[in-house]
Structures are given as structure tokens and as C-alpha cells.
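First the structure, in the form of C-alpha cells, and then the observations on it.
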Amino acid sequence: QVQLVESGGGLVQAGESLRLSCAASGRTFSSLTMAWFRMSPGKEREFVAGIRGSDGYTYSTDSVKGRFTISRDNAKNTVYVQMNSLKAEDTAVYYCAASVVSGYPTAPALYDYWGQGTQVTVSS
């Protein structure tokens with residue numbers, strides 16, 4: 001079992017930045033692929049960015065490339081997403097997720113563990 005707890009959400013103006021954190025416990029963190037997803041009202045859960053445990057390889061959806069950066073600190077069992085140049089359309093509940101799949105999974109069904117979510121609201 002893996003427990004995930006997100007933090008760092010809030011209300012910001014368009015163009016500002018936020019950093020979300022996700023603390024993990026329960027299983028060898030370094031072996032897990034970690035990712036951030038988001039979900040806004042009326043939309044399906046959307047993959048945002050992921051990072052592999054084996055080699056730190058990162059991947060992200062096109063809409064956040066150049067603005068969001070995912071990273072991890074295996075010593076602290078924590079994964080981060082630095083979100084810069086935020087836009088109103090980034091408003092959503094952001095979820096941290098963990099997968100035992102070692103490729104570059106983007107489908108929610110491939111993730112075994114989920115946090116409770118943290119709200120990010122960007123006002124324009």
C-alpha cells in the first residue's frame with residue numbers, strides 16, 4: 001500500500017506560479033512512477049506530468065510543456081510539480097498518483113494509488 005498526501009494548492013492570479021508537493025509513504029518510493037493528474041468540473045481526469053522512478057525520466061502533456069516541471073526527491077519520498085505562467089484553464093483539482101508500471105504511463109487506469117487532491121484556482 002502507498003499513501004499519498006498533496007499540498008500546495010491555492011488561489012493565484014494568471015501568470016503567477018505555484019508548487020505542489022506530494023508526500024508518499026508505505027512502499028519503496030524510488031521504484032514507483034509518479035504523476036500529477038487534474039480534473040475540472042465537467043471534464044475527465046487528465047494526465048499532466050509524470051516521472052519514472054528508475055531513471056527520473058519526465059514526460060508531460062503538451063498543454064503544460066514549458067510551464068510545468070515535475071521532479072522528485074527520493075530521500076524525502078516526495079514528488080513536486082512547479083507550475084509557472086499559470087492560466088485560467090489550469091484551474092482544477094490536482095491529484096498525485098503512483099504506478100508500479102515502469103514505462104511512461106498516462107492513463108489513470110494504470111495508476112494504483114491516488115491522493116485526495118488539492119484545489120488550484122487561477123483567476124484571470
### Evaluation steps, side-chain contact (heavy atoms from CB on, under 4.5 Å), between L86 and E16
CA-CA 6 Å; L86 282 160; E16 294 184 341; 5.6 Å; no
### Query
Do you know which two heavy atoms are closest between D73 and F29, and how far apart they sit?
O-CE2, 4.0 Å
### Pair listing, disulfide bond (SG atoms under 2.5 Å apart) test, anchored in residues 89-124, at least two apart
C22-C96
### Message
Can you tell me how the ring of Y95 sits relative to the ring of W114, calling it parallel under 30°, perpendicular over 60° and tilted otherwise?
### Response
perpendicular
### Message
Which residues pass the ring-ring contact (aromatic ring centres under 6.0 Å, His included) test with Y94, not counting sequence neighbours?
### Response
none
## Note on the structure
Those residues at least two apart in sequence (or on a different chain) that pass side-chain hydrogen bond (donor to acceptor under 3.5 Å, both in side chains) with S25 are Q3
If you look only at distance, which donor and acceptor atoms sit under 3.5 Å apart when one is on a side chain in residues 76-84 and the other is two or more places apart or in another chain?
unit_1, atom_1, unit_2, atom_2, d
T78, OG1, K76, O, 2.8
Q82, NE2, N84, OD1, 2.9
N84, OD1, S17, OG, 2.9

### Task
Would you please name every residue forming a side-chain hydrogen bond (donor to acceptor under 3.5 Å, both in side chains) with K65, sequence neighbours left out?
D62
### Task
Could you tell me whether a side-chain N or O of S99 sits under 3.5 Å from a main-chain N or O of V101, the two making a donor and an acceptor?
yes
### Query
In Å and rounded to the nearest 0.5 Å, what is the NZ to OG distance from K87 to S63?
8.0 Å
### Message
According to side-chain hydrogen bond (donor to acceptor under 3.5 Å, both in side chains), does anything in residues 39-51 pair up with another residue at least two apart or in another chain? List the pairs.
### Response
R38-E46
### Task
State which residues pass side-chain contact (heavy atoms from CB on, under 4.5 Å) with A98; sequence neighbours excluded, sorted by chain then number.
L4, L32, M34, Y113
### Query
Which residues satisfy the side-chain contact (heavy atoms from CB on, under 4.5 Å) test with T121, sequence neighbours excluded?
L11, T91, Q119
#### Entry: Under 3.5 Å donor-acceptor, Y111 side chain and P105 backbone
yes
### Query
Of all residues at least two apart in sequence or in a different chain, which pass the side-chain hydrogen bond (donor to acceptor under 3.5 Å, both in side chains) check with R72?
N74
### Query
Taking atom CD of Q116 and atom OG of S7, what is their separation to the nearest 0.5 Å?
9.0 Å
#### Entry: pair V93-T118: side-chain heavy atoms closer than 4.5 Å
no
### Message
A side-chain contact here means heavy atoms from C-beta on lying under 4.5 Å apart; do Y57 and I51 qualify?
### Response
no
### Task
Please tell me if the side chains of D90 and V120 come closer than 4.5 Å, counting only heavy atoms from C-beta onward.
no
### Task
Using ring-ring contact (aromatic ring centres under 6.0 Å, His included) as the criterion, list what pairs up with F47, not counting sequence neighbours.
F37, Y59
#### Entry: Set of side-chain hydrogen bond (donor to acceptor under 3.5 Å, both in side chains) partners for R19, sequence neighbours left out
none
### Query
Going only through I, L, V, M, F, W and Y residues with side-chain contacts under 4.5 Å, is there a path from Y104 to L110?
yes
### Summary
Heavy-atom closest pair (A88 atom, S124 atom, distance to 0.1 Å) is CB-CB, 4.2 Å
### Query
Under the side-chain contact (heavy atoms from CB on, under 4.5 Å) test, which residues partner S102, sequence neighbours left out?
none
